[in-house]
Asks: 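Take a look at this one; I'll ask things after.
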Amino acid sequence: MTGRPPVTADVDLALERLRAGGLVVIPTETVYGLAADIDRPDAVERVYAVKGRPVGHPLICHVADAATADAYGDMSVEHAATLAAACWPGPLTLLVPRRPTVPDIVTGGRPTVGVRVPAHPLTSELLARHGGALAAPSANRFGRVSPTTVSHVLDDIGGLLDAERDIILDGGPCPVGVESTIVDLTVSPPQVLRHGGITPEEIARLLHVDLAAAAGESRTSGMLASHYAPATEVRLVEDPRAGRELLERIPGAVLIDRTEDLVEAARSLYADLRDADRDSTTLIIAVLPPARGLGHALRDRLGKAAAR
Ligand code: TXA
Ligand code: MG
C-alpha cells in the first residue's frame with residue numbers, strides 16, 4: 001500500500017514504525033533523511049527503491065553519539081576522535097574502516113562506512129532510544145535537489161511511502177540547508193569527499209594538516225558531475241552585476257543571488273532552486289559565492305545543478 005504517511009513530531013510512533021521495519025523520514029540540521037534500521041535489510045532495500053537510487057551507492061549510518069559510531073566503524077583511526085569531539089553532533093560524516101556489524105547493502109560492499117551524529121532534537125531522541133544505526137540518504141529522488149522542509153519531502157517521495165508502515169517526523173526547516181561534509185579518514189592526509197556544513201578551513205584548523213583534494217574517480221555519488229539538478233537549465237555567473245544583466249535580457253529567467261550572507265545562502269539554497277524551477281522559468285541564473293567557508297559547499301552544489 002502507498003499513500004501519505006503520518007506527518008508528526010511523535011517520536012514514540014516513529015520508534016514503533018522503525019522497529020516494525022518501516023521507513024522514517026528524519027529531520028536533521030542539514031537536510032531531511034529517509035531512514036531505515038540497518039539491521040532490517042528489507043527496509044534498507046525499500047530506501048533504495050523509494051529514492052530510485054542504484055544499489056551500490058552507499059548510505060551514511062546515523063548514530064546517537066561517537067561511542068555508538070565505534071560499534072559500526074573503527075573510530076580509533078587517526079583524527080576521528082578529534083573531529084568527532086569538535087563537530088558532533090553536527091554536519092560532518094566521517095569515512096572510517098567498516099566493522100562487520102554493517103551489512104553489505106549499506107556500504108555497497110565497500111570496506112569503509114560513513115558515520116555521522118546529526119544535530120536535531122527529534123532525531124537525536126529517536127537515535128538515542130533506538131540505540132543502533134539508521135541508514136539514511138537525503139529524502140529526495142536520486143539526482144534531485146535535497147529536501148529541507150517536509151513539503152519538499154512530500155513533493156518528492158510522499159506518494160511512494162506507505163501510510164500504514166512509514167512516518168515523517170516534522171522538525172521544521174533544516175537550519176544548515178546543505179548536506180554534511182564527508183571526510184575520508186582512511187587515507188593520509190584526509191580527503192574532503194564532499195563539501196558541506198563544516199568548512200574545510202575548520203577541519204584543517206582542527207587537524208593541523210593540509211587536506212588533500214578528493215582524488216580520481218567519483219568516489220561518492222555526490223561527486224558525480226551532475227547531481228542535485230533542477231529540471232530547468234542553471235547558468236552560473238561570478239558577478240552579481242552580470243547576473244542582473246542576464247536577467248534583464250532573458251524573458252522568463254529567474255535570478256538567485258545570496259552572496260551577501262553565506263549562512264542564509266546555504267539555508268535557502270535548495271528551497272531557492274525548487275522555487276525557481278517552475279514551468280514558466282526559462283533559465284535559472286545563480287551568482288556563485290566566494291570560495292571560502294560555506295562558499296565551498298555552495299559552489300559545489302550550484303556547479304552540480306548547472307551540469308547537464
Ligand atoms: O547531511 C547528510 O549527510 C544527509 C543527511 C540526511 O544526513 N545525508 C546525505 O546522504 O546527504 P546521501 O546518501 O544523499 O549522500 C551520502 C553520500 C553519497 O554521495 C554516498 O555515495 C557517500 O555519501 N557515501 C556514504 N558512504 C560511503 C562510503 N562508505 N564510501 C564512499 N562514499 C560514501
Ligand atoms: Mg543526497
Side-chain angles (χ1 to χ4, degrees), residues 23-36 38 44 47-48 50-63 69 72-74 87-99 102-120 123-124 126-127 133-148 152-153 156-157 169 171 174-187 191-198 214-229 266 269-270 297 300-301 304-305:
L23 305 187
V24 181
V25 172
I26 52 168
T28 81
E29 76 283 29
T30 59
V31 302
Y32 274 82
L34 176 64
I38 69 160
V44 179
V47 168
Y48 282 95
V50 168
K51 249 194 99 74
R53 177 164 172 154
V55 183
H57 283 265
L59 306 176
I60 293 171
C61 286
H62 296 67
V63 290
Y72 300 97
D74 181 358
C87 303
W88 281 353
L92 177 70
T93 294
L94 297 180
L95 209 69
V96 296
R98 152 198 183 185
R99 296 207 192 274
V102 185
D104 267 342
I105 185 172
V106 172
T107 67
R110 287 172 176 70
T112 57
V113 62
V115 284
R116 125 167 172 85
V117 178
H120 189 288
T123 297
S124 300
L126 180 72
L127 287 169
L134 300 185
S138 49
N140 53 289
R141 293 279 292 168
F142 183 67
R144 306 294 304 182
V145 171
S146 293
T148 54
H152 295 165
V153 173
D156 267 24
I157 60 167
L169 272 183
C174 302
V176 175
V178 290
E179 296 85 346
S180 61
T181 301
I182 303 179
V183 179
D184 185 353
L185 294 179
T186 67
V187 291
Q191 288 184 8
V192 175
L193 295 188
R194 178 177 73 182
H195 285 295
I198 299 276
E217 80 279 27
S218 300
R219 298 190 48 201
T220 79
S221 71
M223 290 171 72
L224 298 175
S226 170
H227 204 65
Y228 313 100
L269 174 71
Y270 292 135
D300 170 75
R301 300 307 188 279
K304 283 164 180 155

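For ligands, and for the atoms within them, numbers begin at 1 and follow the listed sequence.
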Asks: Using a 3.5 Å cut-off on N or O atoms only, is Y32 in polar contact with ligand 1?
Replies: no

Asks: Suppose I only count heavy atoms of S180 and a 4.0 Å limit; which atoms of ligand 1 are within that range?
Replies: 1 (O), 2 (C), 3 (O)

Asks: In ligand 1, which numbered atoms sit nearer than 4.0 Å to a non-hydrogen atom of G33?
Replies: 6 (C)

Asks: Does only the side chain of R98 get under 4.0 Å from ligand 1, or the backbone, or both, or neither? Count heavy atoms.
Replies: neither

Asks: For the ring pair Y48 and H57, is the centre-to-centre distance below 6.0 Å?
Replies: no

Asks: Mark the output for I182 as yes if a heavy-atom distance to ligand 1 is under 4.0 Å, and as no if none is.
Replies: yes

Asks: I would like to know whether T107 and R98 meet side chain to side chain donor-acceptor pair (under 3.5 Å); could you show each step before the answer?
Replies: CA-CA 8 Å; T107 67; R98 152 198 183 185; 3.1 Å; yes

Asks: Out of H57, R53, E179, indicate the one that has the non-hydrogen atom closest to atom 12 (P) of ligand 1.
Replies: R53

Asks: Please determine if D184 and R194 form a salt bridge, counting it only when a charged side-chain N lies under 4.0 Å from a carboxylate O.
Replies: no

Asks: Stepwise, does the side-chain contact (heavy atoms from CB on, under 4.5 Å) test hold for W88 with V115?
Replies: CA-CA 11 Å; W88 281 353; V115 284; 3.9 Å; yes

Asks: Mark up the atoms of ligand 1 that fall under 4.0 Å of a heavy atom belonging to H62, in ascending order.
Replies: 5 (C), 6 (C), 7 (O)

Asks: Measure the CD1-CG distance between I198 and L92 for me, rounded to the nearest 0.5 Å.
Replies: 5.5 Å

Asks: What's the verdict on side-chain contact (heavy atoms from CB on, under 4.5 Å) for V183 and L193, showing C-alpha distance, side-chain angles and the deciding distance?
Replies: CA-CA 6 Å; V183 179; L193 295 188; over 6 Å; no

Asks: Using the rule given for salt bridge (charged side-chain N to carboxylate O under 4.0 Å, His left out), can you reason through D156 versus R144, listing the C-alpha separation, both sets of side-chain angles and the distance that settles it, and then say yes or no?
Replies: CA-CA 9 Å; D156 267 24; R144 306 294 304 182; 5.8 Å; no

Asks: I'd like to check which ligand 1 atoms, numbered from 1 as shown, lie under 4.0 Å from a non-hydrogen atom of P137.
Replies: 10 (O), 12 (P), 13 (O)

Asks: E179 and side chain to side chain contact (heavy atoms under 4.5 Å, CB included): which single residue from S146, P137, P91 fits?
Replies: S146

Asks: Find the distance between CZ (R116) and OG1 (T93) and round it off to the nearest 0.5 Å.
Replies: 5.5 Å

Asks: At under 4.0 Å between heavy atoms, is it the side chain or the backbone of L95 that contacts ligand 1, or both, or neither?
Replies: side chain

Asks: Counting both backbone and side chain atoms, is some N or O of T112 under 3.5 Å from an N or O of ligand 1?
Replies: yes

Asks: Using distance alone, decide if ligand 1 has a nitrogen or oxygen within less than 3.5 Å of any nitrogen or oxygen in K51.
Replies: no

Asks: Which bit of D184 gets closer than 4.0 Å to ligand 1, counting heavy atoms only: side chain, backbone, both or neither?
Replies: neither

Asks: Using a cut-off of strictly less than 2.8 Å, determine whether S146 has an N/O/S atom near the Mg ion (ligand 2).
Replies: no

Asks: Check whether any N or O atom of R116, backbone or side chain, sits under 3.5 Å from an N or O atom of ligand 1, and answer yes or no.
Replies: yes

